[in-house]
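Dropping a structure here in structure tokens format, bear with me for questions.
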Amino acid sequence: MAAAAIHQFAECITCHAWSPDQSMIAFCPNNHEVHIYKFFTDKWEKLHVLSKHDQIVSGIDWSNSSNKIVTVSHDRNSYVWTQEGSDWIPTLVILKLNRAALCVQWSPKENKFAVGSGAKSVCICYYEQENNWWISKVIRKRHESSVTSLAWHPNNIYLATTSTDGKCRVFSTFIKGVDTRGSQSSTSTNSKFGEQIAQLDLSSTWVFGVRWSPSGKTLAYAGHNSMVYVIDEVESSPVAQNLTLRDLPLRDVLFVSERTLVGVGFDCNPMIFAADDTGLWSFVRFLDEMKAAPSASKASQLSEALGKLYGQSKQGASSDTVEPSKARGGAHENCITCIVPLRKGSDGTIKRFSTSGLDGKVVVWDLENHVSIAK
């Protein structure tokens, strides 16, 4: 099993983030608070409770270089938390939203962050030195429904979003005075703030968990119709691949390398996807493999038979090619809603990542010695 550690922090966890040195973790226990725990010798201890929000906290991100925490909530507010001594001091961010804030993420350079909302808009927030406050510029009139996830391109300018309108979009977030125009990314810096670079209309259902590959050449996101969409060359001439799953939908994805993708969701078990030498993506296996029970009950046999029948009728394949449903009860026991990268190797690939879910667990997964991932 690839799970290196399993921590039961609460009955339910909405989202989580790690400190730069990964000695502390911040998470929302499905309420208006953010709890910060630190690991001491052999156990986790609660250090702080951030309780400025009035409603459930829907997004947390912890910056690596500045050690600032940004939180968003259904109360339509966002706070940037700065550690001063042993206390965390909140600073209100002016979002100008009339609906819930749903997700948040620092940009790669950490000079701004993006907030997705139920107001069909995205706020790009940055710090204004002159007035000593955080303000936002809003991207409007593009989304037709709530923004469910965000992903910054490595160039710090492009931002990908997914929405419950079934579309994935890429926008320019260039802000004069915050971003600099460079020769290496002339195309991105020449675009205006809020300009739509691409719109991917591949799904007829809600879409979640958008991510860029490490190079920024590939984009991936998940649909609520149990599909994964992988797109190459998004800016110039997009080439899309649609992967149909035989299992439950995903809620989030993460590129652990340029050609390896991890997906998490309602199956309570991380799924590994990989691209072959021709660039064709396919499902490899579940990361948390569990041994099958020696004797199956009649109910499980019926479920397996129905699964085969469903797979045959949907895909037109023989029953021999349809795997039985995977058993639950591994590291996670409920839907996984969040996946966060932890450690990168010398080649830039992610060696460790963590997941959290509705079972209140945070699980750390180790890929360092998992040589069979791409096999």
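All values reported here derive from a predicted model rather than from experimental measurement. The analysis underlying the following values was restricted to heavy atoms, covering all of them including side chains, and did not include hydrogens, waters or symmetry mates. Just so you know, residue 1 is the first one in the sequence shown, and it goes up from there.
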### Message
Taking Val210's backbone N and O only, do any of them form a donor-acceptor pair with Ser149's side chain (distance below 3.5 Å, no angle check)?
### Response
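The answer is yes, because a donor-acceptor pair under 3.5 Å joins these two groups.
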
### Query
Among side-chain atoms of Ser257 and Thr349, is any donor-acceptor pair under 3.5 angstrom?
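Not at all, the side chains of Ser257 and Thr349 share no donor-acceptor pair under 3.5 Å.
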
### Query
Any donor-acceptor pair under 3.5 Å linking the side chain of Asp75 with the backbone of Asp54?
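Yes, the answer is positive, given that a donor and an acceptor are paired below the 3.5 Å cut-off.
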
#### Entry: Under 3.5 Å donor-acceptor, Lys46 side chain and His35 backbone
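It does not hold such a pair.
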
### Query
Backbone N or O of Thr71 within a donor-acceptor pair of the Ser78 side chain at under 3.5 Å?
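Judged by distance alone, yes, a pair lies under 3.5 Å.
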
#### Entry: Step-by-step side-chain contact (heavy atoms from CB on, under 4.5 Å) determination, His32 to Ser73
CA-CA 8 Å; His32 68 284; Ser73 166; 6.0 Å; no

#### Entry: His224 NE2 to Thr148 OG1 distance, which is reported to the nearest 0.5 Å
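Reported to 0.5 Å precision, the distance equals 11.0 Å.
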
### Task
Report yes or no: does Glu110 contribute a side-chain atom to a donor-acceptor pair with the main-chain N or O of Ser65 at less than 3.5 Å?
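Checked: pair present.
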
#### Entry: Polar side-chain atom of Ser172 near backbone of Gly194 as donor-acceptor pair, under 3.5 Å
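Pair absent, no side-chain N/O of Ser172 close to backbone of Gly194.
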
### Side-chain heavy-atom pair Lys38, Glu45 within 4.5 angstrom cut-off
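No, their side chains stay 4.5 Å or more apart.
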
### Message
I need the Phe286 CZ to Asp267 CG distance, nearest 0.5 Å.
### Response
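If I round to the nearest 0.5 Å, the distance is 4.5 Å.
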
### Query
Distance from Ser213 atom OG to His153 atom NE2, nearest 0.5 Å?
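If I round to the nearest 0.5 Å, the distance is 7.5 Å.
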
#### Entry: CA sep, side-chain torsions, deciding dist, call: Phe283, Phe273, ring pair (Phe, Tyr, Trp, His ring centres under 6.0 Å)
CA-CA 4 Å; Phe283 169 69; Phe273 303 88; 5.7 Å; yes

### Query
Of the options Tyr127, Trp81, Tyr79, Tyr126, which is the one that meets Trp134 in a ring-ring contact (aromatic ring centres under 6.0 Å, His included)?
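Testing each of Tyr127, Trp81, Tyr79, Tyr126 against Trp134, the sole residue satisfying ring-ring contact (aromatic ring centres under 6.0 Å, His included) is Tyr127.
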
### Message
For the backbone of Trp133 and the side chain of Asn131, can you confirm whether one donor and one acceptor N or O come within less than 3.5 Å of each other?
### Response
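Checked: no pair found.
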
### Message
Using modelled atom types and a 3.5 Å cut-off, is there a donor and acceptor pairing between side-chain atoms of Arg352 and backbone atoms of Leu342?
### Response
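Side chain of Arg352 to backbone of Leu342: no pair is present.
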
### Spacing of Tyr229 atom OH and Asn242 atom CG [to the nearest 0.5 Å]
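Answer for the OH-CG pair, Tyr229 versus Asn242, is 6.0 Å.
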
### Query
How are the rings of Phe9 and His7 set to each other: parallel, tilted or perpendicular (split at 30° and 60°)?
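Ring orientation of Phe9 relative to His7: tilted.
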
### Message
Quick check: do Phe193 and Ile124 have side-chain heavy atoms less than 4.5 Å from each other?
### Response
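The answer is yes; the side chains approach within 4.5 Å.
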
### Message
Under 3.5 Å, is there a donor on one side chain and an acceptor on the other for Glu258 and Ser215?
### Response
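Indeed, the side chains of Glu258 and Ser215 share at least one donor-acceptor pair under 3.5 Å.
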
### Message
Are the side chains of Phe27 and Ser356 in contact, using a 4.5 Å heavy-atom criterion?
### Response
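No - every pair of side-chain heavy atoms lies 4.5 Å or more apart.
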
#### Entry: Co-membership, hydrophobic cluster, residues Val170 and Ile139, 4.5 Å side-chain
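Different hydrophobic clusters.
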
### Message
Working to the nearest 0.5 angstrom, can you tell me the gap between Ser236 OG and Ile197 CD1?
### Response
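Rounded to the nearest 0.5 Å, the OG-CD1 separation comes out at 12.0 Å.
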
### Query
What's the spacing between Asp87 CG and Thr82 OG1 if we round to 0.5 Å?
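Reported value, rounded in 0.5 Å steps: 12.0 Å.
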
### Query
Judged by atom type as modelled, is there a donor-acceptor pair below 3.5 Å linking the side chain of Ser19 to the main-chain atoms of Ser23?
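A pair under 3.5 Å: yes.
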
### Task
Could you give me the CA-CA distance, side-chain angles and deciding distance for His143 and Phe171, then say whether ring pair (Phe, Tyr, Trp, His ring centres under 6.0 Å) is met?
CA-CA 11 Å; His143 298 94; Phe171 297 96; 5.3 Å; yes

### Query
Is there side-chain contact between Phe266 and Cys335, with at least one heavy-atom pair below 4.5 Å?
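Yes, close enough: below the 4.5 Å cut-off.
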
### Query
Could Lys112 and Asp179 be called an ion pair, given the rule that one side-chain N must be under 4.0 Å from one carboxylate O?
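Yes, Lys112 and Asp179 are salt-bridged.
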
### Query
Trp281 and Asp276: side-chain donor and acceptor closer than 3.5 Å?
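No, Asp276 and Trp281 have no side-chain donor paired with an acceptor closer than 3.5 Å.
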
### Query
Any donor and acceptor pair, going by atom type alone, linking the side chain of Thr260 with main-chain N or O of Ala274 inside 3.5 Å?
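Absent.
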
#### Entry: Lys52: salt bridge (Lys or Arg N to Asp or Glu O under 4.0 Å) partners, not counting sequence neighbours
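Residues passing salt bridge (Lys or Arg N to Asp or Glu O under 4.0 Å) with Lys52: none at all.
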
### Query
For residues Asn156 and Asn111, is any side-chain donor paired with an opposing acceptor at under 3.5 Å?
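Yes.
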
